[in-house]
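Here is how names work: the chains are called A, B, and so on, in the same order as the sequence lines, proteins then strands, and each is numbered from 1.
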Amino acid sequence: MALQFYDTRLRRKIPFEPLAPGTVRMYNCGPTIYDLAHIGNFRAYIFADLLRRWLDVRGFDVTQVMNITDVDDKTIRRSRNEGVSLEDVTGRYGLAFFEDIDRLNIRRATHYPRATAHIDQMVELVQALLELGHAYRAEDGSIYFRVNSFPEYGSLSGKRLADLRQGERVSDDEYESKDDVRDFALWKAWSERDGDVFWETPLGKGRPGWHIECSAMSMDHLGREFDIHTGGVDNIFPHHENEIAQSVCGAGAGFARRWMHCEFLIVEGRKMSKSLGNFFTIRDLLDQGYRPREIRYVLAATQYRSRLNFTLDGLRAARSALQRLDEFRDDWKLYPDGDPTREEVEVVERAARGFDEAMDDDLNVSGALSHLFTLVRELNAMRAEGKATAGIVPRLEQVWTRWDEALGFVLPFEEESGDGLETGHIEALVEQRNEARARKDWNRADAIREQLAEEGIELKDGPEGTVWRRR
RNA sequence: GGCGGCGUAGCCAAGUGGCUAAGGCGAAGGUCUGCAAAACCUUUAUUCGCCGGUUCGAAUCCGGCCGCCGCCUCCA
């Protein structure tokens, strides 16, 4: 089966063919850095990461752009509430964001453009929209996009322009000067509330609207037309709908070829919210003793278009599952010499194929994992029967590495395995202990085991020998 | 009101017309073992919210019902 992804606009899976063979240009809606991101946000970033990784594995040359929103209502409000500068707030939470994505083993995107560094591009786009008659300046000096000027408006979300009249909750005085409640801000004229956050531009004194940054930055870094645009389902309307309108009208091009959106997550079966006390940041979970790798596993293991039920139980289950993978890797060391058997080769190749097919089919990570775990079980069973051979290990290692490239949690993270102890030193002690055990000198053997335990090394005695692992 | 989604074993979660309904966690047995710790193996849904229908054949398609949920102007 060929590589295919679900397209939000078409509402079905379609084969993936990039605009330029062999290269993919992708834009991901990124964080607004006004506070710590929560696990719901990270599900979206993990989704983008899984997509990017799979395209990497599939041999595409990927240019990945994720925006950083560093000026909007929320960042401004926060800086005012704290009485600090906007840069203070965005600097702090921008740093936290990168710390968190590193911890979660999310690959760095090619570019992380910031809104405040692209004011010129936004101004240009708004000017073009004004000239083309798609935008107008309202009494308050703000500039709005005229939704009526774009007949295709609503095609992504499946909303018809005429239906959008309904929810007229226009009580907010912010909207008073718009011609039509459905119109949205491209440029916000400076107001008291903005304090010292403003730019003097040909459009006047003010700041950009939220939607315009993604249009300007994606086109700046990826061109007027690119392959994939991702985000959370909540971005479909109005954010992405507005992006399309601005971009297509302003640049006269197709903008994003396809749209992919990741579902929400809920926590313990309920919507995540601060009032329910089920609101988690990455740091909250780390403080409770959960590991980044376990968080990544949970966020990745459910197919991105399904709603994910995030539970602490699930994190514990992830720990057990990951431990099973680690044990399996350790056990390769014990496979007796010999050429790979036909059966072994079949087990490995079937799993390798199954994994690829599942991932090719709209990133079905759950399906891919089932093939991975089936391989673990089958090879373990063969080993228990003395039918596993060291001859299979090179191929196994190759496949395993590919799986880690794709998922990012198959091999242990560096930070969790390395502690500076010399391998030679450990193996010498293990050797000494086994000599002691052979002499039935249990005191000596136990002393060595304890010594190693204090250094964070765990021993596992089995019929084929002793393996050690860093805890 | 408009648009859309979901309901699969104790929990999480694939599968969306046809081999025996993936996989993980948990649980129960067993193996290994100087002790210990762990690990490994096996078993664990005659059935896919309920009721009808279409079909040679449905968890998968259609209709109805019950339950849960999302979006409808700045929330991943």
Side-chain angles (χ1 to χ4, degrees), chain A residues 11 28-32 37-48 69 72-74 147 154 157-160 162-170 172 174-175 178 181-185 209-211 230-239 241-242 261-266 269-272 297-298 301-303 305-311 313-325 327-328 330-331 354 358 361 364-374 376-377 380-385 437 440-442 445-446 449-450 453 458-464 467 469:
Chain A
R11 296 172 190 239
N28 309 309
C29 265
T32 300
H38 56 71
I39 51 172
N41 301 122
F42 282 108
R43 184 189 191 192
Y45 309 142
I46 295 256
F47 154 60
T69 300
D72 80 323
D73 291 354
K74 287 178 296 189
V147 167
S157 55
K159 297 185 189 306
R160 276 166 316 191
D163 293 338
L164 291 178
R165 277 274 170 188
Q166 313 305 356
E168 285 187 57
R169 18 171 163 162
V170 228
D172 197 333
E174 231 182 302
Y175 299 113
K178 290 197 287 189
V181 289
R182 300 164 305 180
D183 293 346
F184 57 89
W210 176 43
H211 314 293
T230 75
V233 287
D234 55 327
N235 283 149
I236 296 173
F237 190 88
H239 183 49
E241 204 70 78
N242 292 350
H261 293 94
C262 126
E263 247 305 336
F264 264 65
L265 67 70
I266 54 176
R270 311 185 66 180
K271 187 173 176 173
M272 179 168 66
Y297 181 96
V298 169
T302 298
Q303 210 270 349
R305 283 193 294 119
S306 297
R307 195 184 310 148
L308 183 158
N309 186 11
F310 187 93
T311 64
D313 233 29
L315 283 175
R316 287 186 281 272
R319 177 169 299 186
S320 301
L322 287 167
Q323 197 164 321
R324 183 167 162 80
L325 301 186
E327 296 288 349
F328 175 70
D330 291 343
D331 288 343
D361 186 12
N364 186 353
V365 176
S366 318
L369 280 175
S370 80
H371 293 284
L372 183 155
F373 278 105
T374 297
V376 169
R377 193 192 64 241
N380 274 338
M382 289 172 72
R383 170 172 158 258
E385 291 172 29
R437 291 175 71 211
K440 296 197 190 298
D441 180 357
W442 309 127
D446 290 351
R449 184 168 66 200
E450 266 170 50
E458 181 185 71
L459 299 184
K460 216 172 86 177
D461 297 326
E464 298 103 326
V467 290
R469 191 173 63 206

Q: Between A:Ser157 and A:His211, name the one whose nearest nucleotide on RNA chain B is closer to the 5' end.
A: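 Result: A:Ser157.
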Q: In chain order, what residues pass the side-chain contact (heavy atoms from CB on, under 4.5 Å) check against A:Arg11, with sequence neighbours excluded?
A: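 Result, side-chain contact (heavy atoms from CB on, under 4.5 Å) vs A:Arg11: A:Tyr6.
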Q: Restricting to nitrogen or oxygen on both sides, can you table the protein-nucleotides 13-15 of chain B pairs closer than 3.5 Å?
A:
| unit_1 | atom_1 | unit_2 | atom_2 | d |
| --- | --- | --- | --- | --- |
| B:rA13 | OP1 | A:Asn309 | N | 3.2 |
| B:rA14 | OP1 | A:Gln303 | N | 3.2 |
| B:rA14 | OP1 | A:Ser306 | OG | 3.2 |
| B:rA14 | O5' | A:Ser366 | OG | 3.4 |
| B:rA14 | O3' | A:Asn364 | ND2 | 3.1 |
| B:rA14 | O2' | A:Asn364 | ND2 | 3.4 |
| B:rG15 | OP1 | A:Asn364 | ND2 | 3.3 |

Q: Using only modelled atom types and a 3.5 angstrom limit, is any donor from either the side chain of A:Arg449 or the base of B:rC35 paired with an acceptor on the other?
A: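 For A:Arg449, whose side chain was compared with the base of B:rC35, there is a donor-acceptor pair (under 3.5 Å).
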Q: Using whole Å, what does the distance between atom P of nucleotide B:rC71 and atom CZ of A:Phe237 come to?
A: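 In whole Å, B:rC71 P and A:Phe237 CZ are 13 Å from each other.
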Q: Report the distance from atom CD1 of A:Ile236 to atom P of B:rC71, rounded to the nearest whole Å.
A: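 Rounding to the nearest Å, CD1 of A:Ile236 and P of B:rC71 are 11 Å apart.
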Q: How close or far is atom P of B:rC75 from atom CG of A:Asp72, stated in whole angstroms?
A: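 In whole Å, B:rC75 P and A:Asp72 CG are 7 Å from each other.
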Q: Nearest heavy-atom pair of A:Thr302 and A:Arg43: which atoms, and what distance?
A: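 Minimum heavy-atom contact is O-NH2, 3.6 Å.
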Q: Assess whether one donor atom and one acceptor atom, taken from the side chain of A:Asp446 and the base of B:rG34, lie less than 3.5 Å apart.
A: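 Per atom types, the contact qualifies.
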Q: Between B:rC25 and B:rG63, how far apart are the two C1' atoms, rounded to whole Å?
A: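 Looking at atom C1' only, B:rC25 and B:rG63 are 38 Å apart.
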Q: As a test of reading the structure: which of B:rG23, B:rG34, B:rG2 is closest to the side chain of A:Trp442, going by heavy atoms?
A: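 For the A:Trp442 side chain, the nearest candidate turns out to be B:rG34.
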Q: Starting at NE2 of A:His38 and ending at C1' of B:rC75, how long is that distance when rounded to a whole Å?
A: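 These atoms are roughly 8 Å apart.
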Q: For A:Arg319, what residues pass the salt bridge (Lys or Arg N to Asp or Glu O under 4.0 Å) criterion, not counting sequence neighbours?
A: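 So A:Arg319 forms a salt bridge (Lys or Arg N to Asp or Glu O under 4.0 Å) with A:Glu294.
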Q: Considering every strand and a 4.0 Å limit on heavy-atom distances, what is the contact class for A:Phe264: base, sugar-phosphate, or nothing?
A: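 Touches a base.
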Q: Describe, in one word, how the ring planes of A:His239 and A:Trp210 are oriented to each other, choosing from parallel (under 30°), tilted (30 to 60°) and perpendicular (over 60°).
A: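 Ring orientation of A:His239 relative to A:Trp210: parallel.
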Q: Residues two or more places apart in sequence or in another chain: which of them pass side-chain contact (heavy atoms from CB on, under 4.5 Å) with A:Ser370?
A: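 Listed in chain order: nothing, the list is empty.
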Q: In whole Å, I'd like the distance from the CD atom of A:Glu450 to the P atom of B:rA37.
A: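 The distance from CD of A:Glu450 to P of B:rA37 comes to 13 Å, rounded to the nearest Å.
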Q: Could you state the CD-P distance from A:Glu263 to B:rC69, rounded to the nearest angstrom?
A: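 Taking CD of A:Glu263 and P of B:rC69, I get 14 Å after rounding.
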Q: In whole Å, what is the span from the NZ atom of A:Lys271 to the P atom of B:rC69?
A: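 In whole Å, B:rC69 P and A:Lys271 NZ are 11 Å from each other.
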Q: Protein-nucleotides 39-43 of chain B N/O pairs closer than 3.5 Å?
A:
| unit_1 | atom_1 | unit_2 | atom_2 | d |
| --- | --- | --- | --- | --- |
| B:rA39 | OP1 | A:Gln323 | NE2 | 3.2 |
| B:rC41 | OP1 | A:Arg377 | O | 3.2 |
| B:rC41 | OP2 | A:Arg324 | NH1 | 3.3 |

Q: Mind checking A:Leu372 for me? I need base, sugar-phosphate or nothing, with any heavy atom below 4.0 Å counting as a touch.
A: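 No contact.
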Q: Is A:Glu241 salt-bridged to A:Lys159, going by a charged N under 4.0 Å from an acidic O?
A: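 No, no charged N to carboxylate O under 4.0 Å.
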Q: Between A:Thr311 and A:Gly231, which has a closest nucleotide on RNA chain B that is more 5'?
A: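 Residue closer to the 5' terminus by nearest nucleotide: A:Thr311.
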Q: Can you list everything that forms a side-chain hydrogen bond (donor to acceptor under 3.5 Å, both in side chains) with A:Glu385? Sequence neighbours excluded, please.
A: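 A:Glu385 satisfies side-chain hydrogen bond (donor to acceptor under 3.5 Å, both in side chains) with A:Lys387 once adjacent residues are dropped.
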Q: Could you check whether any side-chain N or O of A:Asp331 sits under 3.5 Å from a backbone N or O of A:Phe328, counting only pairs where one atom can act as donor and the other as acceptor?
A: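 Answer holds: no.
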